[in-house]
Amino acid sequence: MAKKTVAAKKRNVKVDANGQVHVHSSFNNIIISITNSEGQVISWSSAGKMGFRSSKKNTPYAAQMAASDCAKVAYDLGLRKVKVFVKGPGNGRESAIRTIHGAGIEVSEIVDVTPLPHNGCRPPKHRRV
């Protein structure tokens with residue numbers, strides 16, 4: 001007997017005028033998530049989702065395309081003012097923020113939340129040649 005598939009109920013996210021933008025920028029990709037003030041995702045996009053492949057994903061242009069796609073959806077839903085949280089060392093962090101501002105969403109604050117090791121992992125053993 002075949003099981004009936006149950007369609008998942010879409011979650012309704014409350015969109016205020018204020019929200020947050022989380023920009024995760026690694027060396028390989030950039031992921032932009034726009035959330036409401038509680039942290040529920042309104043819209044998201046990445047360089048890979050926009051069709052960029054391999055090393056082109058970590059370019060500022062790819063970040064700009066992903067940010068414009070993400071910001072357009074959030075602006076249509078009523079988001080007007082955001083606080084930006086930037087994480088990671090990759091390219092395109094500044095261009096993503098500029099694109100979000102250019103889409104009509106006011107950027108009130110930029111916070112760098114890149115994780116920093118407080119001494120980190122144990123280094124590898126000394127190499128003997």
Side-chain angles (χ1 to χ4, degrees):
M1 268 184 138
K3 288 185 178 180
K4 288 186 179 180
T5 56
V6 179
K9 184 180 158 199
K10 190 173 180 191
R11 197 172 46 133
N12 289 335
V13 178
K14 185 171 174 256
V15 180
D16 306 337
N18 295 330
Q20 301 172 348
V21 176
H22 296 271
V23 179
H24 181 272
S25 176
S26 67
F27 290 118
N28 296 320
N29 203 354
I30 184 159
I31 301 168
I32 300 158
S33 303
I34 298 182
T35 67
N36 61 8
S37 52
E38 285 89 52
Q40 298 170 323
V41 176
I42 297 167
S43 68
W44 71 276
S45 187
S46 68
K49 184 181 173 186
M50 299 311 294
F52 291 94
R53 288 286 195 233
S54 65
S55 62
K56 298 200 173 38
K57 285 194 292 189
N58 67 343
T59 59
Y61 178 67
Q64 181 180 333
M65 296 298 289
S68 66
D69 175 54
C70 194
K72 187 171 59 174
V73 174
Y75 187 82
D76 292 342
L77 290 172
L79 191 75
R80 295 294 179 264
K81 190 173 182 182
V82 291
K83 185 175 178 181
V84 179
F85 296 95
V86 183
K87 181 186 276 190
N91 297 330
R93 304 181 329 162
E94 288 82 17
S95 66
I97 295 168
R98 284 199 180 100
T99 305
I100 289 166
H101 184 73
I105 299 174
E106 183 190 337
V107 176
S108 62
E109 194 174 344
I110 300 171
V111 182
D112 191 0
V113 290
T114 305
L116 293 171
H118 293 279
N119 219 6
C121 305
R122 182 175 173 162
K125 288 192 289 185
H126 178 67
R127 185 165 176 256
R128 294 189 288 265
V129 181

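Below, each value reflects all heavy atoms present in this structure, side chains not excepted, and no hydrogens, waters or symmetry copies. Remember, it's a predicted structure, so these values are computed and weren't measured experimentally.
Taking all atoms of both residues into account, the shortest heavy-atom contact from Ile105 to Leu79 is CG1-O, 4.0 Å. Smallest separation of non-hydrogen atoms from Asn29 and Gly48: OD1-N, 3.5 Å. Closest approach of Ala62 to Ala47, counting heavy atoms only: CB-CB, 3.8 Å. Here the closest non-hydrogen pair linking Ser37 and Gln20 is O-NE2, 3.8 Å. The two atoms that bring Ile32 and Ala63 nearest to each other are CD1-O, 3.8 Å, heavy atoms only. In this structure, Gln64 and Ser95 approach most closely via the heavy-atom pair N-OG, 4.2 Å.
Between the Asn91 side chain and the Asn58 main chain, a donor and an acceptor come within less than 3.5 Å of each other.
At most 12 non-hydrogen atoms from other residues, nucleotides or ligands lie less than 6.0 angstrom from NZ of Lys72. Surrounding NE2 of His101 are at most 12 heavy atoms belonging to other residues, nucleotides or ligands under 6.0 Å away.
In this structure, Phe85 CZ and Thr114 OG1 are separated by 12.5 Å, a value rounded to the nearest 0.5 Å. Atoms NZ and CD1, on Lys57 and Ile31 in that order, are 9.0 Å from each other to the nearest 0.5 Å. With rounding to the nearest 0.5 Å, the separation of CG in Asn18 from CD in Glu106 is 9.0 Å. Between atom CD1 of residue Ile30 and atom CE of residue Met65 there is a gap of 13.5 Å, rounded to the nearest 0.5 Å. Atom NE2 of residue His22 and atom OG1 of residue Thr35 lie 4.0 Å apart, to the nearest 0.5 angstrom. Rounding to the nearest 0.5 angstrom, the gap separating the CG atom in Leu77 from the OG atom in Ser43 is 7.5 Å.
Hydrophobic clustering, with ILVMFWY side chains joined whenever heavy atoms are under 4.5 angstrom apart, keeps Val82 apart from Trp44. Linking ILVMFWY residues whenever their side-chain heavy atoms come closer than 4.5 Å, directly or via other members, places Val107 and Val23 in the same cluster. Cluster membership check: Val73 does not share its hydrophobic cluster with Met50, using side-chain heavy-atom separations under 4.5 Å among Ile, Leu, Val, Met, Phe, Trp and Tyr.
Side-chain contact between Ile100 and Val84: absent, with no pair of heavy atoms (C-beta onward) separated by less than 4.5 Å. Counting only heavy atoms from C-beta outward, the side chains of Cys70 and Ile34 approach each other to under 4.5 Å.
Within the structure, the salt bridge (charged side-chain N to carboxylate O under 4.0 Å, His left out) test picks out the following pairs touching residues 73-90 (sequence neighbours left out): Lys83-Glu109. Identified under the salt bridge (charged side-chain N to carboxylate O under 4.0 Å, His left out) test for residues 21-45, with sequence neighbours left out: none.
For the residue pair Asn28 and Ser26, no side-chain donor N or O sits within less than 3.5 Å of a side-chain acceptor on the partner.
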